[in-house]
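Report on the following structure.
Everything numeric in this text was worked out from a predicted model, so none of it was measured. Proteins get letters first, then strands, A, B, ... in listed order; numbering begins at 1 in each.
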Number of protein chains: 2
Amino acid sequence: MATIKDVAKRAGVSPSTASRAMHGSKVISKPTRDKVIKAARELNYAPDFNAQNLATKASNTIGVVLPVDHHEIFSNPFFLEMIRGINEVCSKNGSMTTLATGISSDELVHNIDVMIAQGHIRNFILLYSEKNDPVVERLNHFDVQYVIIGKPYQEVNKTSYVDNDNVQAGTDAAQYLVDRGHQRICFLYSDLSKMVQGDRMLGYQRTMMQHQLPSILLEARFEDHASGVKSMKHFFEQYPDVTGFVAVDDMMALKLQQVLHNDPEWKVKQFSLIGFNNSIFSELAHPTLTSVAVFPQRLGEEAAKIVMTDRPAEELSTAVIVPHQIVTRHSVHPIRSLK
Amino acid sequence: MATIKDVAKRAGVSPSTASRAMHGSKVISKPTRDKVIKAARELNYAPDFNAQNLATKASNTIGVVLPVDHHEIFSNPFFLEMIRGINEVCSKNGSMTTLATGISSDELVHNIDVMIAQGHIRNFILLYSEKNDPVVERLNHFDVQYVIIGKPYQEVNKTSYVDNDNVQAGTDAAQYLVDRGHQRICFLYSDLSKMVQGDRMLGYQRTMMQHQLPSILLEARFEDHASGVKSMKHFFEQYPDVTGFVAVDDMMALKLQQVLHNDPEWKVKQFSLIGFNNSIFSELAHPTLTSVAVFPQRLGEEAAKIVMTDRPAEELSTAVIVPHQIVTRHSVHPIRSLK
DNA sequence: AATACTTATGCAATCGCTTGCAATAATGTT
DNA sequence: AACATTATTGCAAGCGATTGCATAAGTATT
């Protein structure tokens with residue numbers, strides 16, 4: 001493995017000159033710069049990561065924090081796409097990404113503590129936003145910079161984040177159903193402690209209000225089929241005239257679809273259904289699921305970009321909104337034709 | 001951030017003593033060891049990652065290599081679960097994991113080259129096994145240790161790997177259908193350049209042979225619905241009496257299911273279907289999908305364990321086989337009752 | 001009590017790179 | 001030609017850890 005001394009020797013200069021040359025320092029003359037760069041290339045030189053970081057005291061790795069495992073979360077392809085987006089941008093900028101995971105909240109926090117203490121993480125990216133997140137507390141406490149993917153709960157103005165406009169997305173999804181003649185539309189969610197679910201619900205409610213239609217909310221987890229059937233039975237007793245559902249994400253939508261499809265009576269009713277995330281699930285569902293695409297890879301990229309441009313601490317935080325887009329498939333049945 | 005000097009000062013010893021004490025060196029007396037450890041704890045000390053690695057020349061991060069992006073692969077939750085398994089084990093051992101991704105094969109290889117040159121990756125874990133993988137070539141060339149999740153193509157005896165017994169899994173899946181009275185069973189796959197697909201196919205064929213039943217192979221990608229319908233139409237013309245399918249993975253199975261379900265004629269036939277991976281898809285399908293579970297998290301953990309125990313170079317490579325298990329759901333319909 | 005042996009600690013070099021400052025070379029000014 | 005500037009380069013000190021070797025302290029041996 002070639003060191004900077006090797007490069008220097010080959011170029012006939014001192015290590016310091018070599019270092020400066022390769023960093024494009026203005027103060028080095030063109031001929032020597034060229035010599036050095038040539039030598040470096042010939043030796044296939046890359047600066048030692050650890051040595052460089054040690055010397056500059058500026059670490060170059062980004063810590064990507066995954067949410068504490070709920071089975072559901074982890075099997076959600078969403079995250080991997082965000083990670084890919086982050087990693088693409090980072091590696092183009094010569095940074096590494098490293099992951100922080102944990103089976104419990106305590107474990108995750110502990111792992112992050114260690115990472116901070118080791119002092120080689122430049123910045124964190126949180127792939128989720130949760131109420132009272134102990135991780136966020138930790139990061140604030142140690143005064144470590146971070147970017148959230150999702151809308152922050154605390155210190156919104158001081159925290160950089162990347163998100164979809166989930167309120168708008170919720171509005172649009174509901175509007176999509178309304179436009180196709182649906183009047184009784186239910187919003188289906190599972191956990192309001194997630195910012196994203198709350199936002200989408202808000203958007204849904206906005207549309208309902210605008211059209212003077214009732215907001216019908218249903219919290220359900222569909223943990224198993226029987227319980228799903230039961231809660232839907234209960235639901236339809238209360239709201240027999242519901243024709244459409246806005247599900248807080250595709251997985252939720254699919255679970256509902258499953259329940260509805262399995263009951264001959266419900267099945268014929270051809271309920272309309274729209275989900276969020278445009279995940280692979282939506283393509284594989286039957287019927288295929290109309291869904292609001294949110295471009296997770298893009299979210300990751302933007303988050304990484306924010307992290308890469310290190311702005312001074314006193315500067316205002318950045319917020320990037322990634323647009324969404326409804327992808328039409330076959331789960332929505334118009335009650336009347338579009339005007 | 002506390003350094004080792006701070007710890008040393010507080011404990012009233014020299015940095016070298018502090019270092020040795022914290023590494024449990026035999027040569028340090030119990031009382032000083034205790035003093036040092038106490039001081040370290042009080043200062044919340046953790047050795048600087050970069051400094052430590054630089055001094056010991058032994059890096060502590062594991063590079064996790066994701067396959068080059070095909071949309072399909074990246075939206076497969078499988079990978080995230082493996083990553084989580086790896087990360088759990090690594091962080092328990094004080095290691096970091098860092099990701100290598102790439103949009104193209106060239107980019108991926110380049111990223112890996114850089115990582116190797118920077119010299120701070122101790123080991124790589126490849127999350128896939130592909131024919132003629134340029135990454136493997138690279139790693140061999142630079143003599144970097146790595147573990148493959150999946151069965152290696154080259155130098156099988158010299159390469160450590162973790163895998164399911166996919167041949168056996170294929171055998172079992174086919175047997176499952178045979179046991180339930182199916183005689184004409186088709187194996188459905190998409191890409192034989194993946195080791196895993198070849199293995200499962202082999203297993204399927206073994207069962208077919210044993211029962212003197214014909215092997216019926218179908219390569220398809222179901223890229224869009226129309227093409228899916230077309231190829232199945234073609235298929236059934238040739239093999240009208242097929243009643244069961246072994247699909248090479250759940251996604252494949254779901255795509256088939258979709259095609260079959262959408263055609264009224266095929267639908268009534270109630271084909272039987274078994275997939276692999278027991279991914280979340282299988283729970284969300286309709287009907288729910290019987291699938292061979294392969295425990296990706298476990299695969300990740302085992303791979304990480306291998307990497308963590310650094311054995312001398314001349315030692316034989318390790319291979320760990322993670323068991324699989326058929327998870328019964330509702331996509332298989334017995335033709336006759338089980339004897 | 002002087003010597004030999006352990007045992008426990010500290011000194012100082014090292015890992016590979018960066019960077020402030022001093023030294024040298026190149027150029028311009030009078 | 002002598003001096004003042006400015007443009008280039010090199011020296012050497014760190015960054016925070018580890019580790020071989022020398023030293024100091026403690027115990028045993030005679």
Side-chain angles (χ1 to χ4, degrees), chain A residues 1-37 39-40 43-61 94-96 114-122, chain B residues 1-37 39-40 43-61 94-96 114-122:
Chain A
M1 215 92 297
T3 77
I4 200 170
K5 283 187 195 166
D6 301 325
V7 175
K9 199 173 293 169
R10 181 175 253 258
V13 299
S14 76
S16 39
T17 304
S19 170
R20 282 191 260 260
M22 290 187 296
H23 285 71
S25 162
K26 257 292 181 198
V27 87
I28 298 293
S29 71
K30 182 120 192 341
T32 45
R33 189 205 315 293
D34 291 347
K35 267 192 304 185
V36 169
I37 291 182
L43 291 175
N44 217 296
Y45 168 82
D48 181 281
F49 195 76
N50 296 126
Q52 195 169 46
N53 289 163
L54 180 57
T56 57
K57 300 246 38 169
S59 184
N60 231 353
T61 81
S95 289
M96 316 258 69
V114 172
M115 290 166 101
I116 294 175
Q118 287 174 330
H120 72 126
I121 305 287
R122 168 161 129 194
Chain B
M1 216 90 299
T3 77
I4 199 170
K5 283 185 195 167
D6 301 326
V7 174
K9 198 172 294 168
R10 182 174 251 259
V13 299
S14 77
S16 38
T17 305
S19 170
R20 281 190 261 260
M22 291 188 295
H23 285 70
S25 162
K26 257 294 184 198
V27 86
I28 299 293
S29 72
K30 182 118 192 347
T32 45
R33 188 204 316 292
D34 291 346
K35 267 192 305 184
V36 170
I37 291 182
L43 291 175
N44 217 296
Y45 168 83
D48 182 281
F49 195 76
N50 295 127
Q52 195 168 46
N53 288 163
L54 179 57
T56 57
K57 301 245 38 168
S59 184
N60 231 352
T61 81
S95 289
M96 316 258 69
V114 172
M115 290 166 101
I116 294 175
Q118 287 174 330
H120 71 128
I121 305 287
R122 168 161 129 193

Under-4.0 Å side-chain N/O to phosphate OP1/OP2 contact, B/Gln52 with D/dT18: yes

Short side-chain N/O contact to C/dG10 OP1/OP2 from B/Ser14, under 4.0 Å: yes

Spacing of A/Met22 atom CE relative to C/dT19 atom C1', expressed in whole Å: 14 Å

Exercise: identify the closest heavy-atom pair between B/Tyr45 and B/Ile4: CE1-N, 3.5 Å

From C/dC17, D/dG16, D/dT18, nucleotide with atom closest to A/Ile4 side chain: C/dC17

Donor-acceptor under 3.5 Å (A/Asn53 side chain, A/Asn50 main chain): no

Closest to the B/Ala51 side chain, choosing from D/dA17, D/dC21, C/dT19: D/dA17

Side chain of B/Ala55 (C-beta onward), nearest among C/dG10, C/dC17, C/dC15: C/dC15

Rounded interatomic separation in angstrom, taking CZ from A/Phe49 and C1' from C/dT18: 16 Å

Protein-nucleotide distance (A/Ile28, atom CD1; C/dA25, atom P), rounded to Å: 16 Å

Proximal nucleotide (of C/dA8, D/dT18, C/dT19) relative to the A/Thr56 side chain: C/dT19

Under-4.0 Å side-chain N/O to phosphate OP1/OP2 contact, B/Ser29 with C/dT7: no

A/Lys57 side chain near D/dG16 phosphate (N/O to OP1/OP2, under 4.0 Å): yes

Comparing B/Ala18 and A/Leu54 on DNA chain C - which has the more 5′ nearest nucleotide: B/Ala18

SB check B/Asp34 B/Lys30 (cutoff 4.0 Å): yes

Rounded distance in Å - CG (B/Asp48) to C1' (D/dT18): 13 Å

Separation of atom NE2 in B/His23 from atom C1' in D/dT18, rounded to whole Å: 8 Å

Rounded distance (Å) that lies between atom P of C/dT14 and atom CG of B/Asn53: 21 Å

Nearest-Å distance for atom pair CZ/P, residues B/Arg20 and D/dC21: 12 Å

Distance-only side-chain donor-acceptor flag, A/Ser19 / A/Ser16, under 3.5 Å: no

Given C/dC17, D/dT18, C/dG10, the nucleotide with the shortest approach to the side chain of B/Val13: C/dG10

Short side-chain N/O contact from B/Thr32 to OP1 or OP2 of C/dT9, under 4.0 Å: yes

Phosphate contact (D/dT9 OP1 or OP2) by A/Thr17 side-chain N/O below 4.0 Å: no

Least distance between heavy atoms, A/Ile28 atom then A/Arg33 atom: O-NH2, 3.3 Å

Heavy-atom donor-acceptor pair, A/Ser16 side-chain to D/dC11 base, under 3.5 Å: yes

Between D/dA7 (C1') and A/Lys30 (NZ): distance, integer Å: 17 Å

Check: A/His120 main-chain N/O paired with A/Thr61 side-chain donor or acceptor under 3.5 Å: yes

